[in-house]
Amino acid sequence: MHEFFRPVIQNALRSAGITTDKPINIEQPADKKFGDFSTNIALLAAKECRRNPRELAQNIIPHLTFPPDTIAKVEVAGAGFINFYLAPLFIMQSVEQVLVEGNEYGKGKIGKGEKAVVEYVSANPTGPLTIGRGRGGVLGDCIANLFEAQGYEVTREYYFNDAGRQMQILGESVRLRYLEHCGKTIEFPATHYQGEYIGEIAKEMYQDHGTTLADSNELQVFKKRAEEIIFTSIRKTLDRLSIRHDSFFNEHTLYLPDEKGITPNQRVIDALRKNGFITEYDGATWFQTTSLGQEKDKVLVKSSGEPSYRLPDIAYHITKFERGFSIIVNVFGADHIDEYPDVIEALKILGYDTQRIKIAINQFVTTTVDGQTLKMSTRKGNADLLDDLIDDVGADATRLFFIMRGKDSHLNFDVELAKKQSKDNPVFYLQYAHARICSLLRMALQEIGFDPSSSADLHLLQLLDSPAELQLGFALLDYPTMLKTSLRMLEPQKMVEYLHSLAEHFHRFYQECPILKAEPDIAKARLLLSLATRQVLRNGFRILGVSAPESM
RNA sequence: GUGCCCGUAGCUCAAUGGAUAGAGCAUCAGCCUUCUAAGCUGAGGGUUACUGGUUCGAGUCCAGUCGGGCGCACCA
């Protein structure tokens, strides 16, 4: 809709002889009495034109030329806003569009021909997924959906590392527990993984191998088995939430030499060195971030000769550029907040267009059970498990609760609320609207033989003109804009809010307007409006990954 | 100490620099012999943590203060 107004206003400014370099903003006033849309261009341009904003607005209005039957009223209000009121006919014609386009309604083409990569979860296989990871997973999945809805070719990627120190400790942890099963007395270090799952893996290995592995100091067998089991469990958990990935990128590949015998990691070092950002001291190789104004240099290669995580991380991002992605999105939790600035700096030095990289950071999750707030704890056995939460409240509530707050807000996950089968629970509020429409349509088929697949009577929608109907119709035509806004902000929460208000508009319409008892043409028109609402709810639910129940 | 995020109704949270700061829950008052009341309508509830600044206009941007969270490894 914003694209509908912008050129018209642009032309009006020109023919009114007003020149300004200010952007033409199209807003949707919070209060409907200020119109369906408004622009503040007269306020912005007033200063450089040396004119009173209201007077300027009055001068612009006669030059606005809209297509017929689209705009009902244009007026100047407040300090100099120009407010637009849509014609009822225009609104209802837009509703027809919803029904014509169906599942495709709302989708855009701005990403056509562009490749985007969205990286999320990326947990190393050292233990089961925690609730905190779940939030990032759902956020990433929804963001990927938003990109797809605008026509991007999206790769959903999971970056992991099955080498490295943490995995070493994992193997060691399993081995120690295994030795316990073999009857040995061991000392289990506090630095190792404490979770019960370690013992379970060890037990399985004991059952398969007896004590035959006890004398070997070889960690590999323990590590391998642990990795397999844990990765399988992670993917199972993600699957329960319909979180999927197209690509699993193993950090290990960055340690492998190419045809010329050079590893991607080494190439990064070489390139940074050529630019004068590599120094060596204390036996290690450093990224000289002090010359970028930071307090300390950052280790790229440890004195042991192994790269630190930072180096492959840079190399990894280079592969994203080399693989032709024009948009690179990274989703991660607040605990990784310090991770990306160095990567960005390095990429900038190496000449990559870092504007293409978008970072979505989600703040932490606390859970409330029985009014008691529990804090997430890491690397202890008592971290809250995502699987337990899904068991408790179900996949739909888990997904929706994770994204119903802005990603920058700390999320307080009220487990009791998520379980409630009542109106307090936002999941039910949304799904109920959908189920209610389904029920209505079933009844309509029975009572008046309404055929939802027929498009013959679409024009009847134009009969509708009550406030409740028009507001619902307006909400429907707002959907494509919301999708774009949500993507621009990398914020699926906007969609949750939108769908909530859409459901609200529907419930009000349903309350105020009798449907099956209305005269036949009106009844059909209202059923079509309901059908369009159901369509938009479904399309929105698909973006959020929430199911659309036919009855409740 | 320092980097990032947050501070808005009793609670959980909204508000692309715009108009009288909004929802839900909770509280109170109404609406079912009628298409799902898991719904709708209405009322009360605010010095947007504080102090300055920027401008036609600030919850929003800038500086500082006070609170809370997360980081600040030759772990990832």
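Source: prediction; values computed, not measured. In the text below, chain A, chain B and the rest are named by the order of the sequence lines, each starting its count at 1.
The aromatic rings of A/Phe231 and A/Phe248 stand perpendicular to each other, their planes meeting at an angle above 60°, with 30° marking the opposite boundary. Using cut-offs of 30° and 60° for the angle between ring planes, the A/Phe84 and A/Phe5 rings count as tilted. Taking the six-membered ring for Trp and thresholds of 30 and 60 degrees, A/Tyr429 and A/His500 have nearly parallel ring planes, at less than 30 degrees apart.
A/Leu445 comes within 4.0 angstrom of nothing in the nucleic acid, heavy atoms only. At the heavy-atom level, A/Gly333 lies nowhere under 4.0 Å from the strands shown. Within the nucleic acid shown, A/Thr485 has no heavy atom closer than 4.0 Å to any nucleic acid atom. Nucleic acid contact class of A/Glu504 (heavy atoms, under 4.0 Å, all strands): sugar-phosphate only. Here A/Ser38 lies in heavy-atom contact (under 4.0 Å) with a base. The residue A/Ala46 sits apart from the nucleic acid: no heavy atom pair falls under 4.0 Å. Using a 4.0 Å heavy-atom cutoff across all strands shown, A/Leu527 reaches no nucleic acid atom at all. As judged by a 4.0 angstrom heavy-atom cut-off over every strand, A/Met443 is placed among residues touching the sugar-phosphate backbone only. Across all strands shown, A/Glu447 has no heavy atoms under 4.0 Å from either base or sugar-phosphate atoms.
Interface remark: the A/Asn83 side chain does form a donor-acceptor pair with the B/A19 base, using a distance-only criterion of under 3.5 Å. Counting distance only, with no hydrogens placed and no angle test, the side-chain atoms of A/Gln166 and the base atoms of B/C75 include a donor-acceptor pair under 3.5 Å. The base of B/G18 sits with one of its N or O atoms less than 3.5 Å from a complementary donor or acceptor on the side chain of A/Asn40. Side-chain to base pairing of A/Ser308 with B/A76: no donor and acceptor N or O lie closer than 3.5 Å to each other.
When atom types are taken as modelled, the side chain of A/Gln166 and the backbone of A/Thr126 share no donor-acceptor pair closer than 3.5 angstrom.
By the 6.0 Å and 45° rule, A/Lys73 stacks over the aromatic ring of A/Tyr85.
Residue A/Glu119 forms a side chain to side chain contact (heavy atoms under 4.5 Å, CB included) with just one option from A/Phe332, A/Tyr316, A/Tyr158, A/Phe249, and that option is A/Tyr316.
A ring-centre distance under 6.0 Å is found for A/His245 and A/Tyr120.
When the P atom is compared between B/A19 and B/G52, the two are found 23 Å apart, to the nearest whole Å. Between the P atoms of B/C4 and B/G64, the separation comes to 11 Å (whole Å). Straight-line distance between the P atoms of B/G17 and B/G3: roughly 25 Å, to the nearest whole Å.
The closest side-chain donor-acceptor pair between A/Asp414 and A/Thr368, if any, does not fall under 3.5 angstrom. Side-chain contact annotation: A/Arg436 with A/His507, donor-acceptor N/O pair under 3.5 Å present.
Of the residues in residues 493-500 of chain A, A/Gln493, A/Lys494, A/Glu497 come within less than 4.0 Å of RNA chain B through at least one heavy atom, sorted by number.
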| task | Dump the intermediate steps for salt bridge (Lys or Arg N to Asp or Glu O under 4.0 Å) on A/Glu75 and A/Arg54, then the final yes or no. | result | CA-CA 10 Å; A/Glu75 66 184 14; A/Arg54 285 193 64 102; over 6 Å; no
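Regarding contacts with the backbone of B/U41, a side-chain N or O of A/Arg508 is found under 4.0 angstrom from either OP1 or OP2.
The ring of A/Phe364 does not lie on top of the base of B/G69; it is either too far (5.5 Å or more) or too tilted (30° or more). Aromatic stacking is not marked for A/Tyr510 over B/G39, as the cut-offs of 5.5 Å for the centres and 30° for the planes do not both hold.
One can place CG of A/Leu411 at 17 Å from P of B/G69, the figure rounded to the nearest angstrom.
In secondary-structure terms, RNA chain B builds stems of at least 3 consecutive Watson-Crick or G-U pairs, each pair having both distances under 3.5 Å, at B:1-7 with B:66-72, B:10-13 with B:22-25, B:27-31 with B:39-43, B:49-53 with B:61-65.
Taking syn as a glycosidic angle within 90° of 0, B/C32 qualifies as syn.
Of the candidate nucleotides B/A76, B/U2, B/G71, B/G71 has the atom lying nearest to any side-chain atom of A/Ile337.
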